[in-house]
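Atoms within each ligand, like the ligands themselves, are counted from 1 in listed order. The shown structure was predicted, so the numbers you read here are calculated from the model rather than taken from an experiment.
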Amino acid sequence: MNTPLTTRHLFDYGTTYFRSQGIVSRQASGATRTTFGEIGDRVRRLASGLRALGVRQGDRVGTVMWNDQAHLESYFAIPCMGAVLHTINFRMTSEHLSHVINHAGDRVLIVDRSLWPQIAAIRETLKTVTAILLTGPAPGSDPDRTLDYETLIAESSPEFAFPDLDEDSPMGLCYTSATTGPPKGVLYSHRALYLHSMTLGLANTLGLSADDTLLPIVPMFHVNAWGLPFAAFWLGAKIVLPGPSPHPEDLLDLLQREKVTLAAGVPTVWLGLARELMKRPTPLNLRLAVSGGSAVPQSLIRLYEETLGIPFLHAYGMTETSPLVTVARLRPHHRELSYDEQLTIKASQGIPVPGLTFRLERDGQEVSWTGNDAGEICLKGPWIADGYYRDQGSSTPVRDGWFHTGDVATVTAEGYVHLLDRTTDLIKSGGEWISSVDLENALMAHPAVFEAAVVGVPHPVWDERPLAFVVLKDGCEVSKEELFASLAPRYARWQWPDDILFVPEVPKSSVGKFLKRALREQYRTYFTNPRE
Ligand code: ADP
């Protein structure tokens, strides 16, 4: 039968078969506990309330919220009523925030009170917003022309009839997090979300199921927390939401108290948590620490698996790909390899998940999978974007039917992807390519190094040369010479950075990725101008 693949099925299934499954939402004042069944009632009330505010099918509703219960309610109410859930990255600059809300044409905004200052600052620039709902602990009085989310829920009917929707209609909208340029909008269809959610449950990927307790540390505005809340609700996993500004101590408490089995975040989050775990060894139930969003250093995987005894899974994706593209799981025959050899596979981006077709391309030609030849990752599949939202077409990423990711990689004969760099981060030195990710990995393998970032900086002779930035672990010291010596066994002299600078921290993007654009800009003249 040709039944449409829509978000409503995920919601109906979760509220029918997992009514009593729990949702824990951390607040500044403690945690609230509820169930899928109770949420179901509130989701329908929210949909009734939004309809009363004038939200119709196809309208965009923006969320400026933490990972919490109200956000989860919006995740289902907005798409199930046929509107479009626009999750907004509140760590963007005011200029970008105003731009994405106007560009999306959001009709209603749902804003956490603790994030209100960001919206208050741009309120007068918003052209399409007709109502603002405030969530979170209520202070004495709210700003003018805003409504209280809880009052709306209490006063709205729980009898909302969700419409039958076309599976190709839009359910969500995310903007890229602007690591490399201005944010661009990506629209997700119900069909894309459905198939992507199903994929997260496959044993070959994350194997998410009703046996799990999920902690999405990745923000719900960052590619829908990688789609995990949708999949967890459908598949009946208990959901633990970390709430406002979770620090590593808060995360560790939640992991322990709620017996979390699967948590997901970017490498910097895992690094911070590892530091906390070393200070405060705590027995955990984690069956999988999932890391994505940027390359993961081998040293971090080793720390989790060998020292802390927690299995670590590396995944790769992007906003334009919903995001899941690849996961790095070992195959049975890899288990006969030494741990060091296994680590090379675990730190690769892995193989594409079922449903996607993959091609490596250079100058329009397919590149073979030799493990050495580099090319751009190109993809086809039901949850890959075919363009940007309300874009003039100038930057279309789809050519000849393939989505061009802008990521450069090599692929082993078995299909394991080793991402070298984004095209913008790849260092082009005298006609050769140097992978900044590889060098960072090697530097971070040194026991004194906490973080390392490498960027290409203009050079009068070689076009570009690598420049490294190193953050040392607390109380550790190491000289430049020692770090160069640690690169010597694996890298030819010309591949070494020309200089290593010790810095207190590496600048990070709003979702915790190294902000290499900022480093490149700041050190643009490092090799061209004589230094003082
Ligand atoms: P932005 O492009 O603004 O950072 P995204 O979150 O969509 O927003 O970033 C996707 C990009 O992040 C990918 O194209 C890739 O360059 C990088 N990335 C994501 N996951 C990984 C990973 N596991 N390893 C290396 N790079 C990654």
Heavy atom to [atom], shortest distance: which of [options] holds it?
atom: atom 6 (O) of ligand 1; options: Arg422, His222, His314; result: His222
atom: atom 7 (O) of ligand 1; options: Val186, Asn89, Thr319; result: Thr319
atom: atom 25 (C) of ligand 1; options: Ala347, Gly406, Ala295; result: Ala295
atom: atom 14 (O) of ligand 1; options: Leu419, Asp407, Val408, Thr424; result: Asp407

Show which atoms of ligand 1 fall inside a sub-4.0 Å distance from at least one heavy-atom site of [X].
X: Gly317; value: 10 (C), 13 (C), 19 (C), 20 (N)
X: Gln349; value: 22 (C), 24 (N), 25 (C)
X: Lys513; value: 4 (O), 5 (P), 6 (O), 8 (O), 9 (O), 10 (C), 11 (C), 12 (O)

- Message: So, 4.0 Å and heavy atoms of Ala315: is ligand 1 close enough to count as a contact?
- Response: yes
- Task: Could you tell me whether Val296 and ligand 1 have an N or O pair separated by under 3.5 Å?
- Result: no
- Should Lys346 and Glu305 be marked as a salt bridge (charged side-chain N to carboxylate O under 4.0 Å, His left out) after you check the CA-CA gap, both sets of side-chain angles, and the distance that decides it? CA-CA 11 Å; Lys346 283 166 179 271; Glu305 298 204 326; 2.9 Å; yes
- Nearest-0.5 Å distance that lies between atom CG in Leu228 and atom NE2 in His196: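 It is 8.0 Å, given to the nearest 0.5 Å.
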- Message: Taking the six-membered ring of Trp66 as reference, does the cationic atom of Arg91 (NZ for Lys, CZ for Arg) lie under 6.0 Å from its centre and within 45° of its axis?
- Response: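 The answer is no, since Arg91 fails at least one limit relative to Trp66.
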- Message: Given the ring of Tyr526, does Arg465 sit roughly above its face, with NZ or CZ under 6.0 Å from the centre of the six-membered ring and within 45° of the axis?
- Response: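 No, Arg465 does not lie over the aromatic ring of Tyr526.
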- Step through it carefully: locate the ring centre of His86, locate the ring centre of Tyr175, and say whether they are under 6.0 Å apart.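 Yes, the ring centres sit under 6.0 Å apart.
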- Between Thr261 and Asn285, do the side chains contain an N or O donor and an N or O acceptor separated by less than 3.5 Å? no
- Message: Looking at His71, is its backbone amide N or carbonyl O close enough to the side chain of Asp68 to form a donor-acceptor pair, meaning the two atoms are under 3.5 Å apart?
- Response: yes
